[in-house]
Amino acid sequence: MKKIFVFYDSEDIVIARKVAQEIDATGFSPWLADDNNRTDWHAEIEELAPSDACVGAVAIWSQSSKNNAVVRDEAKEVTRVQKPLLGLLLNDTSEAPIGLRDGPRHRLECGPEDNINGQLGPKITAVFGNGEVQDRALVLKDKKLFAPGMVLSVSSYETQIEPDTTLSLLNHANPPAVLVSAYDILRPKPTSTKNPKIMNFSAIDRLREAGSMVFLDSGNYEAMRYQDANWKRGKRRLLEAVGKVDVDLAFTHDRFPDEVSAGEVSIQRRFDEICDEYQRDAALLSCAVAPIIHAPRLPGNLYFHDGLPEICCRVVQALDPPMIAVAERELGDGLMERICTVAKIRKALDRQGANAFLHVLGTGNPITMAFLSLAGADFFDGLEWCRTAINGKSWRLYHFQQWDLFASQTGLITSSEIAGLVRSQTGVMPWFMKVAFHNMAFFLQASDEIRNHHIDGRYERLFADKDLWPEFKLAKEMLGGLN
């Protein structure tokens, strides 16, 4: 819940508590120095004021508070970080202190025995907005996928578990969303005489019946990795896959853009190609369709990521899809540049008033998810959960074979069923399945933790807990400098 500071002189504490009740009634959390046995409330103000957890402050200006240097300094700290300061002119107080007279004002006629009776509610809402948390969720028919959130990907390429087995294991967790590949549904590994990698369609059906959203990927990732020249980019690949298994949403059968020089980059050409892909697939499929938006490709395996905000906005405006997807590797070099690109996309969409969700393809690292959700991304998918072993406390990823180092963390798994499977000593549960269940639990718990901190606006606590405070401060500085 977002916080609003209440600044006051000790003589006005009774009225301050009445103001706090008004703030609480509007859905915000009031912060008073006299609450919760605070011993270092100056430091707490300094930490909270610039954070996403704080939306601003209410200063009760009476004759005593105007002469109180501490109250004035508190108010100046909020204005310094450019948060709203609502000045309540108490009774016969004519004006706020010098230097604090800008911004919204409200006259409050109230004594210690008087009730405010809801008179502040409309003013607080007008200045700070609605404090009630609004869940942001992708809605497809009768299902909701809350953002930010992780989608557990399933693939046959360089994972530790075969796709059919993976799908069976996922039925124990009923994750919010799963991504499967059209390539694994339709084709075996090149030159192989074996069956396609996914034949366990009943496991997919059970996931959907239990409430999981199932996303379908074009399969171009596996085809590229396997160097499968026979994987035709035909117009009906997704239709063939959907003919075998029902899904809730399909990403477009995307075409990787041709490499061009920097001088030949055309936003219009990329926009036209993406629209053609989307319109082709939307006409074929009965499920929801989300366009994959590749950045123009430059020589040297580089991408013109600066063009993504404009391309994304134009695609959303033209097609009005429920969600758009971008590839993490195309967002820039290094995490900080990718954070900035995501923020630019989000700001551009917000300025346009667009409601489309932003999905980042290939982001399976919880730390990266946290940073990109801070920047405005909604959903993420990746294969790290079935390729590595996660330290459930720090979210650092290790080699799959090093899971023994973290087996003792099973007690931190919130699902008693999955924890029981990981602890199993019967000899029936193979070692690799224990690792998979460990990862499944902690990756989903990480996703929930990110979402909870996102809703509360307390990313600073999340990154401090993960020993990433300097990186968080750098990211915030970079985001604060964006237009």
Whether [X] and [Y] hold their rings parallel, tilted or perpendicular, with breakpoints at 30° and 60°:
X	Y	value
Phe400	Trp431	perpendicular
Trp31	Phe5	perpendicular
Tyr459	Phe463	parallel
Phe28	Phe128	perpendicular

Hey, does the Lys NZ or Arg CZ of [X] hover above the aromatic six-ring of [Y], less than 6.0 Å from the centre and inside 45° of the axis?
X	Y	result
Arg314	Phe271	yes
Arg136	Phe357	yes
Lys466	Trp395	yes

>> Under the criterion salt bridge (charged side-chain N to carboxylate O under 4.0 Å, His left out), I'd like the reasoning laid out for Asp248 against Lys141: C-alpha separation, chi angles, the key distance, then a yes or no.
In response: CA-CA 9 Å; Asp248 298 289; Lys141 295 184 178 178; over 6 Å; no
Is a salt bridge present between [X] and [Y], judged by a nitrogen-to-oxygen distance below 4.0 Å?
X	Y	value
Glu240	Arg237	yes
Arg225	Glu158	no
Asp378	Arg346	yes
Arg338	Glu328	yes

> Stepwise, does the side-chain contact (heavy atoms from CB on, under 4.5 Å) test hold for Tyr183 with Tyr226?
Replying inline: CA-CA 11 Å; Tyr183 187 94; Tyr226 285 131; 3.7 Å; yes
> To the nearest 0.5 Å, what is the distance between CD (Gln401) and CZ (Phe432)?
Replying inline: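 Reported value, rounded in 0.5 Å steps: 11.5 Å.
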>> Other residues, nucleotides and ligands only: do more than 12 of their heavy atoms fall within 6.0 Å of CG on Asn355?
In response: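 Incorrect, the count does not exceed 12.
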>> Go through it in stages, so that I can follow the logic: the residues are Leu285 and Leu239, the test is side-chain contact (heavy atoms from CB on, under 4.5 Å), and I'd like the CA-CA distance, side-chain angles, deciding distance and then a yes or no.
In response: CA-CA 6 Å; Leu285 305 178; Leu239 183 62; 4.2 Å; yes
> Strictly by modelled atom types, are Ser261 and Glu264 linked by a side-chain donor-acceptor pair under 3.5 Å?
Replying inline: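 Yes.
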